[in-house]
Amino acid sequence: MPTATTAPELHPDRLLPPDPAERAIARRLYQRVRDLPILSPHGHVDPDLLLHDQPFTDPAGLLVTPDHYVTRLLHADGVGLDELGVGAGALSEGAARRAWRQVCEHWSVFRGTPVRYWLEAELVEIFGVTDRPSAATADRMFDRIAERLAEPSFRPRALFERFRIQVLATTDDPCSDLASHAALDADPAWQGRVIPTFRPDRYLEPSRPGWPAAVRRLGAAAETDTGDYDGYLRALEARRRYFAEHGATSTDHAHVDARSEPLAPAEARRIYRSALAGDATPAEATAFRRHMLSEMARMACDDGLVMTLHCGVRRDHHPATAERYGPDVGADIPVRAELTDALRPLLSRYGTHPGFHLVVFTVDETVWSRELAPLAGFYPSVYVGVPWWFLDAPDAIRRFREAVTETVGFGRTSGFVDDTRAFCSIPARHDMSRRLDAGYLARLVADHRLGEDEAAEIATDLVEAQPARVFKL
Amino acid sequence: MPTATTAPELHPDRLLPPDPAERAIARRLYQRVRDLPILSPHGHVDPDLLLHDQPFTDPAGLLVTPDHYVTRLLHADGVGLDELGVGAGALSEGAARRAWRQVCEHWSVFRGTPVRYWLEAELVEIFGVTDRPSAATADRMFDRIAERLAEPSFRPRALFERFRIQVLATTDDPCSDLASHAALDADPAWQGRVIPTFRPDRYLEPSRPGWPAAVRRLGAAAETDTGDYDGYLRALEARRRYFAEHGATSTDHAHVDARSEPLAPAEARRIYRSALAGDATPAEATAFRRHMLSEMARMACDDGLVMTLHCGVRRDHHPATAERYGPDVGADIPVRAELTDALRPLLSRYGTHPGFHLVVFTVDETVWSRELAPLAGFYPSVYVGVPWWFLDAPDAIRRFREAVTETVGFGRTSGFVDDTRAFCSIPARHDMSRRLDAGYLARLVADHRLGEDEAAEIATDLVEAQPARVFKL
Amino acid sequence: MPTATTAPELHPDRLLPPDPAERAIARRLYQRVRDLPILSPHGHVDPDLLLHDQPFTDPAGLLVTPDHYVTRLLHADGVGLDELGVGAGALSEGAARRAWRQVCEHWSVFRGTPVRYWLEAELVEIFGVTDRPSAATADRMFDRIAERLAEPSFRPRALFERFRIQVLATTDDPCSDLASHAALDADPAWQGRVIPTFRPDRYLEPSRPGWPAAVRRLGAAAETDTGDYDGYLRALEARRRYFAEHGATSTDHAHVDARSEPLAPAEARRIYRSALAGDATPAEATAFRRHMLSEMARMACDDGLVMTLHCGVRRDHHPATAERYGPDVGADIPVRAELTDALRPLLSRYGTHPGFHLVVFTVDETVWSRELAPLAGFYPSVYVGVPWWFLDAPDAIRRFREAVTETVGFGRTSGFVDDTRAFCSIPARHDMSRRLDAGYLARLVADHRLGEDEAAEIATDLVEAQPARVFKL
């Protein structure tokens, strides 16, 4: 499709409901939350970005190459991942410029997607660029953004402040010494709050290549012998404590399913031994992984870390792409989710434990009304995670509120989570969420299900109190 | 979340579409049905309530403790079920007052849910209470409602008349002698119609604890020896006849799945014998249950009772809660449903039998467009049950009409079914449905898919003719 | 339900959004595409209709008896399929008139369905009939339509031209000599483009009755010995080439699931031999069918034919109906679909092959956002088929755009496909799609996600460039 020529425009009413009565209410609600600080309790920004505060190198390396939301749609449109610099490490200026040109030339593929919405917001609001991306404007845009990136006010720390980020959670390997976080904390020139998140998947799945070596590293990090199952548990507990002591408030878990059947201790010990020796069957490895999900809940009851669950994605769907370009390049595809039976063993044990929090995210929207909201509407520990990944987009977010609110209201949902590695997209993502929640609430006011005073309280809570409470910030 | 202070308001346009053109049409459609009598062909009100016509004891015992829609959300918000009097039998005034206070203090948890909508309608329309529930208003509200409940015009029979209920179906054990129904019928001071419903689940599932004793009781009730399978079938047939003779027009069936594969008679007899002896395997018990679903359809073809099916709920998801508080306290969670293959054996045999009616309800909304509407769009016996349980709420009801109408129109749907044990919520629930159907029809008129004269006919039919026809009232 | 009396009205704004701001935008977008020619890249019209250009016999034979969308809803409402002439071959005038009367008397069952929308559009726009169908108007309408059908301007070729059909694809048996297509091409009086589609299901499923005879016929058609597996593959390749040489641009595949695991060649050869001998087990027959789906993709990479997939329907759900009336009479019911794992073997091999196109249609709308859009948002070969069958209706089409656009935009969708055997419904179906896409795009413009210039480009592309590109027309 050829590209039309209108310049990007950030209309003040964007994403608000078109009906005039609803829009008027939505505007008032949005005004209340528009400028509130950002709590980002789960995401994938590298803490070194803020520690070293180096200028971003170029527009492609900042906005294109590392963002699989962008690269996947270009790939589908026939652009090779190598033309986008994926998997190539740092890009030369020529390569960066070529990658940027691909985005601009294929700008029309993003129409109707949130990628377009976020990128446009970033271009206009952060970089003051009002050209519409196209073959004709690509180089000029590249140059203007590159110029800006060289200015001190476009360094990561300056942007962090400009974005009004109050808390930013990173995602970290359990073996990490969290030195970057510690150095940030110790830096008198730095006032922000950047906290780690404990993400142990690779240590919990014996079926992953290199698992025996991974648990040995874990043992080293914990100064604990992981040669047997009990040492392995102690090492995990120790690393969780270490993370908590360094500011972490949550752990994150991503497996293909959410099943959580516990094993008898003797059986867990036996499988652990087999797995260390490389002898566990796939079924045993899976059973162990599900058992460990329950163990993570048990540990969460003890140490108070919030447990978040992101399940239901078939990673690296296209093996040749994974082999050539590695993971996280846009070839992950969701599968059907099941939560009611999967989480029952875990919730039977820990679901009513005081202080236990389990935030569940899904890429299968059918579980919202059928399973996830009903679970969060009974168990005091369960919170409904807001839309994630493929579903983190305006129409899907509306469907989300319509699917869960009638069963759980607002107080059992997580508050917005950006879950992004695209640092510059953070304000646009949170702003999008605030606009959409304002629109959904406006509808409830307009058809007289809610008073506007109540809606205003909810809109504010969803941005301020709710994520702080759910993630124990 | 703190509670805002607006007083409850029952706006005349509540739940009607905000768009002015649609709203104007919806208003006209709603006016036609607003005051029509209520047909309630399936629900859980106790007939003794109307037989004895005793005053309701207190607001908590009436509106809170027995209603798992209310208690589940409070439980999720951290209120113990014992603080709500669940499972405690009749409450002292102090306990009732404390339970009521919990509701009022946590009023904000209901925002955006139908519980809030129904309770608010009940408070304003039935009790004339216009305070917004809160810690400050709890005691005053308790007192005012309690005062009202002591007045003669707030006794069950007076409310039944005030609610304009034309038919009320209860749900009854097959062994019940239906004495309450008979006494009501025989009472010259009583003009209402209260009919029983045959609900045989516990006699059809050999895996339930106490099943051998249950079928012995069934035999006693039917004066038939249920020591063998043939006697068991005769006993079920006899009790169905007994119910039909006492006014029942339907039977109700709730199993975790809808599968209906018949067994060869010899195999059914063999499993029945094993099950009576306590020797049936879980697989045999399940096979027998599925067989009996088909047998119920066969009997329905013979005796004309309408068959309703409510499947797909994992009961008592949290064992510790079930053990302490019993069933039906809010810990039931839906699972995925499957109807196309599950019902095929049953429908292959009985799906085109003249006069056979099968009304299917689901808590898995994905089957609406995929399976249930297509089935009802071919089989003359199948009707699409309106949204049930977690889905009996404004946005879900809209999704329902949008999911099924294009495949089956309106005439293959059941008409509204409140399915409630909360007597005072009946008018609010039916009114909600009337408003939402008016809104959906207004949309079809507004975008010129339907004439307004046709929409008016449909709106009326859905309230009057349709439930009478589907449930053979 | 009784029938209201308003005459059919084709409002110029029908199906456009009721909100005035959105409607104004939608009108402008719709105006741009309203009169564009029709590309129909997949459907079931008989090419002999256009070759012989005989007058249609009567209204029932044209609009009722062969259209299972019409007959299924009447059947559900209690009209026997024999009363509609289903399975009875050519109808006498009396039988045709009686069938037509059934439609008119039961006209209200179609309210809210697309059947009503299409039939009304056909009656008014093609036949100039403005009566509302009813018992009172049935005979008069029958006579008026019959009169028109006798006029030269109502012959198939005249209608084809009037409908502005630019390309019409038929669906054909691989053994067909495509003589009708060739004769049409050779006819100097005929300017239209009617192209065949290769539909090999029956030759790929050894479990179907008569499969050994079918593959022998295939061998005869290809002048190749299909006595062994390698000859069978050569025969399929030859027939695909033959179709491509006769204008086909696509092949169509409909199986109950989309699984595509390849077999080792030796295993494929072994099962083929067993199946020819009638000895293959059901599991082997299924494995062979899944293997052959991958083989079809392989051949598509070689010969460039676009592969379309329509899966997830349980055919002939009611065996007694199938036995008496045959297939395609309205008793087909969807089942749950799964694509992520099912298509992975096929896409791992061929998903990034240059020029390979795989267009996937579903009757399970849950896969739209969860699986199908994510697949099409990564693989350059995968296109999201527009709503099909039960889902080819206004509300479902809106849900479709809302479910897929945020993940894949517009350029990864197929463009409209009518997939119909009801020749006269083709313009109404395409017009409906154009209206709905205009409405969806208007919403994106109204809430400032898209410029109106871009929306106009998209609206046009979806009608012109997109189907031509996806189906290689």
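Just the heavy atoms: all of them, side chains too, but no hydrogens, waters or symmetry mates, feed the values below. Not measured: the values here are computed from a predicted model. Here is the naming used below: chain letters follow the sequence lines, and residue numbers restart at 1 for every chain.
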Residue pair [X] / [Y]: nearest heavy atoms and the distance that separates them:
{"X": "His448(B)", "Y": "Arg23(C)", "value": "NE2-NH1, 3.9 Å"}
{"X": "Leu73(C)", "Y": "Val408(B)", "value": "CD2-CA, 3.9 Å"}
{"X": "Pro319(C)", "Y": "Ser348(B)", "value": "CD-OG, 3.3 Å"}

Of all of [options], which one pairs up most often with chain C through heavy atoms under 4.5 Å apart?
{"options": "Leu444(B), Thr366(B), Thr352(B)", "answer": "Thr352(B)"}
{"options": "Glu22(B), Arg401(B), Arg349(B), Arg344(B)", "answer": "Arg344(B)"}
{"options": "Pro354(B), Pro17(B), Ala21(B), Pro380(B)", "answer": "Pro380(B)"}

**Message:** With no hydrogens and no angle check, just 3.5 Å: does a side-chain donor-acceptor pair link Glu365(C) and Ser369(B)?
**Reply:**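 The answer is yes; a qualifying pair exists.
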
Side chain, backbone, both or neither: which part of [X] has an atom under 4.5 Å from a heavy atom of chain B?
{"X": "Phe390(C)", "answer": "both"}
{"X": "Thr71(C)", "answer": "neither"}
{"X": "Ala320(C)", "answer": "neither"}
{"X": "Leu74(C)", "answer": "neither"}
{"X": "Arg435(C)", "answer": "neither"}
{"X": "Leu16(C)", "answer": "backbone"}
{"X": "Arg336(C)", "answer": "both"}

**Request:** Starting from the C-alpha separation in whole Å, work towards a yes-or-no answer on side chain to side chain contact (heavy atoms under 4.5 Å, CB included) for Leu347(B) and His318(C).
**Result:** CA-CA 7 Å; Leu347(B) 292 172; His318(C) 190 242; 5.6 Å; no

Structural part of [X] lying under 4.5 Å from a heavy atom of chain C:
{"X": "Ala455(B)", "value": "neither"}
{"X": "Ala446(B)", "value": "both"}
{"X": "Leu375(B)", "value": "both"}
{"X": "Arg412(B)", "value": "side chain"}

**Asked** Under 6.0 Å from the CZ atom of Arg32(B), do we count more than 12 heavy atoms belonging to anything else shown?
**Response**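 It does not: Arg32(B) CZ has 12 such atoms or fewer within range.
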
**Item:** Tyr379(B) ring center within less than 6.0 Å of His317(C) ring center
**Value:**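 Ring-ring flag for His317(C)/Tyr379(B): true, centres closer than 6.0 Å.
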
Looking at chain B, which one of [options] has the largest number of heavy-atom pairs inside 4.5 Å, strictly under?
{"options": "Ala393(C), Pro18(C), Gly439(C)", "value": "Pro18(C)"}
{"options": "Gly330(C), Pro114(C), Gly112(C)", "value": "Gly112(C)"}
{"options": "Pro394(C), Ala396(C), Gly78(C), Ala337(C)", "value": "Pro394(C)"}

Distance-only, no hydrogens or angles: does the [X] side chain make a donor-acceptor pair with backbone N or O of [Y] under 3.5 Å?
{"X": "Arg72(C)", "Y": "Pro374(B)", "value": "yes"}
{"X": "His75(C)", "Y": "Phe378(B)", "value": "yes"}
{"X": "Thr113(C)", "Y": "Glu406(B)", "value": "no"}

**Message:** Before you tell me yes or no, could you show the steps for Arg111(C) and Glu457(B) under side chain to side chain contact (heavy atoms under 4.5 Å, CB included), namely the whole-Å CA-CA distance, both residues' side-chain angles and the distance that decides it to 0.1 Å?
**Reply:** CA-CA 11 Å; Arg111(C) 287 172 176 171; Glu457(B) 264 187 27; 3.0 Å; yes

**Message:** Under the criterion side chain to side chain contact (heavy atoms under 4.5 Å, CB included), I'd like the reasoning laid out for Arg116(C) against Glu454(B): C-alpha separation, chi angles, the key distance, then a yes or no.
**Reply:** CA-CA 13 Å; Arg116(C) 147 75 178 259; Glu454(B) 297 177 292; 2.8 Å; yes

For the residue pair [X] and [Y], establish whether any side-chain heavy-atom pair is separated by less than 4.5 Å.
{"X": "Arg370(B)", "Y": "Val335(C)", "value": "no"}
{"X": "Asp395(C)", "Y": "Tyr440(B)", "value": "yes"}
{"X": "Arg14(C)", "Y": "Asp447(B)", "value": "no"}

Can you tell whether the side chains of [X] and [Y] come within less than 4.0 Å, N to carboxylate O?
{"X": "Arg132(C)", "Y": "Asp453(B)", "result": "yes"}
{"X": "Glu402(B)", "Y": "Arg398(C)", "result": "no"}
{"X": "Asp341(B)", "Y": "Arg314(C)", "result": "yes"}

